[in-house]
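Notes follow once the structure below has been shown.
In the text below, chain A, chain B and the rest are named by the order of the sequence lines, each starting its count at 1.
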There are 2 protein chains.
Amino acid sequence: MGITERRIRQKDGVRSSILDTAWKIVREDGWQSLSIRKIADAIEYSVPVVYDHFENKEAILLEFGKQGYCLLSNRLQEAKDTSEDPAEQLQRIADAYWHFAFTEKEYYQLMFGVNISCCETEKCLPEKEVFRNMVMDPLSKLLAKNQDKTVNACLKYHTFWSIMHGLISIKMLNNPDIADELNKLVLDDAIQGFIKNLQG
Amino acid sequence: MGITERRIRQKDGVRSSILDTAWKIVREDGWQSLSIRKIADAIEYSVPVVYDHFENKEAILLEFGKQGYCLLSNRLQEAKDTSEDPAEQLQRIADAYWHFAFTEKEYYQLMFGVNISCCETEKCLPEKEVFRNMVMDPLSKLLAKNQDKTVNACLKYHTFWSIMHGLISIKMLNNPDIADELNKLVLDDAIQGFIKNLQG
DNA sequence: TATGATTATCTAACACCGTTAGCAAAAGTA
DNA sequence: TACTTTTGCTAACGGTGTTAGATAATCATA
């Protein structure tokens with residue numbers, strides 16, 4: 001029964017080369033430039049072969065979306081693990097998030113629709129929950145120390161995420177507007193303010 | 001010489017109807033759905049006529065971009081004028097910005113590339129400066145009162161803008177994720193924290 | 001080993017998209 | 001009326017996502 005296995009291996013090989021090629025195109029010329037025909041050309045197969053592995057173009061984007069969320073979750077987990085102090089954890093997570101956004105720019109753009117139209121399904125990936133919890137944990141701990149019990153962890157989580165995403169996406173759009181150092185200052189400033197505010 | 005004037009009026013009429021039609025398409029089916037052919041169909045002219053009035057599709061988007069920045073500037077100015085107190089002004093501006101983003105969703109998406117690829121030229125519109133100054137003014141006044149002279153108004157401006165944009169774009173992407181009331185709470189929370197931080 | 005079924009793959013098309021060259025008709029001018 | 005300018009059109013080019021249907025290769029079985 002090695003025959004069918006070899007076939008599966010070959011089929012998986014084609015699937016992988018589709019993703020590899022797509023990724024290469026995106027890295028070189030951006031998401032706008034990705035097309036099924038370019039992929040087919042590059043893997044030296046005809047167009048319909050691509051559709052044997054992915055229902056449509058969105059399915060390919062979705063695959064990268066999943067990859068992106070996994071990668072981001074791992075990066076944030078690593079950052080979080082470098083400290084036990086919740087406040088420090090939050091700061092590290094913010095740094096890691098920032099770092100991810102610009103070292104893995106293509107992932108970030110796809111995941112959060114920065115300057116591209118991310119596919120509908122991208123919006124409700126289950127993978128999102130993982131990194132939500134990652135931020136919620138140190139945040140809740142900080143709030144627990146706080147005397148003011150009215151503040152909501154869920155609300156604060158959204159505030160945190162919004163600050164991060166706002167900073168990142170604005171920097172991504174207006175590339176040369178501000179120097180990198182200033183941007184990092186803005187991030188640190190915003191997060192410091194946020195954490196201070198959190199501690200009451 | 002009334003003939004050439006009538007001609008100009010007619011030509012302007014076609015130009016207007018192009019923009020009107022385009023805007024209608026966008027409002028009904030989003031930016032993704034806008035195409036030159038659809039515009040031409042709707043105004044009952046052939047495709048090249050559209051190109052007599054706009055060099056290309058980007059030029060049409062740019063026109064809407066300008067409109068958007070003008071509208072936003074006016075709204076922010078109105079909001080600012082409702083108070084003399086800088087802190088209150090900032091709060092009102094934030095509210096107005098938020099309100100603009102969701103009542104004029106299509107403009108906002110185009111202007112800040114939320115879930116669409118805004119054209120290159122959109123990034124460096126001179127109209128942007130107007131509303132930058134609008135925020136900088138009360139911000140500087142607040143900082144002037146502050147004893148700590150190290151904080152930078154430019155930096156704080158970016159922080160402000162990032163918080164706003166982050167909140168808005170995340171809400172725009174994950175439509176039903178959070179209730180509207182919570183979102184408004186997050187905004188108020190973030191801006192209150194920001195202003196408090198500003199006052200030292 | 002020949003036959004039938006399955007799988008892999010391709011060609012060619014459909015319906016869109018932005019954009020433009022070149023021509024016909026209309027309108028204005030002399 | 002004859003000439004010039006403007007106006008508008010048809011038809012194409014090259015690109016996109018997607019799919020129907022034919023062909024060639026491979027496999028399983030008689």
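- Within 4.0 Å of B:Ile39, counting heavy atoms only, lies no atom of the nucleic acid at all.
- Remark: P of C:dT19 and CG of B:Leu34 are 11 Å apart, rounded to the nearest angstrom.
- Closest to the side chain of B:Val49, from the set C:dA27, D:dC9, D:dT19, is D:dC9.
- Across the protein-nucleic acid pair, A:Asp52 atom CG and D:dT19 atom P stand 12 Å apart, rounded to whole Å.
- Note on B:Lys24 versus B:Asp20: no salt bridge recorded, every NZ/NE/NH1/NH2 to OD/OE distance being 4.0 Å or above.
- When side chains are defined from C-beta on, B:Ile170 does not count as touching A:Phe112, because their heavy atoms never get closer than 4.5 Å.
- Between A:Ser35 and the phosphate of D:dT16, there is a side-chain N or O to OP1/OP2 separation shorter than 4.0 Å.
- Note on B:Arg37: every side-chain N or O is 4.0 Å or more away from OP1 and OP2 of D:dT16.
- In this structure, a donor-acceptor pair under 3.5 Å is present between the side chains of A:Ser33 and A:Lys38.
- For B:Gln10 and D:dT7, the CD to C1' distance is 11 Å, given to the nearest whole Å.
- Heavy-atom distances to DNA chain C give each of B:Lys38 and B:Arg7 a nearest nucleotide, and the one nearer the 5′ end belongs to B:Lys38.
- Dashed line: the shortest gap from a side-chain N or O of B:Arg6 to OP1 or OP2 of C:dG28 is under 4.0 Å.
- A straight line from CD of B:Gln32 to P of D:dG17 spans 13 Å, rounded to a whole angstrom.
- Taking 4.0 angstrom as the limit, A:Tyr51 places none of its side-chain polar atoms (N or O) nearer than this to OP1 or OP2 of D:dG17.
- Each of C:dC17, D:dT10, C:dT19 was ranked by its minimum atom distance to the side chain of B:Val47; first place goes to C:dT19.
- In this structure, A:Asp85 does not pair ionically with A:Lys141, as no charged nitrogen and carboxylate oxygen lie closer than 4.0 Å.
- The side chain of B:Lys11 places an N or O atom within less than 4.0 Å of a non-bridging phosphate oxygen (OP1 or OP2) of D:dT7.
- Regarding A:Ile8, its CD1 atom lies at a distance of 15 Å from the C1' atom of C:dA8, rounded to whole Å.
- Closest contact between the side chain of A:Pro48 and the listed nucleotides C:dT9, D:dA20, D:dT18 involves D:dA20.
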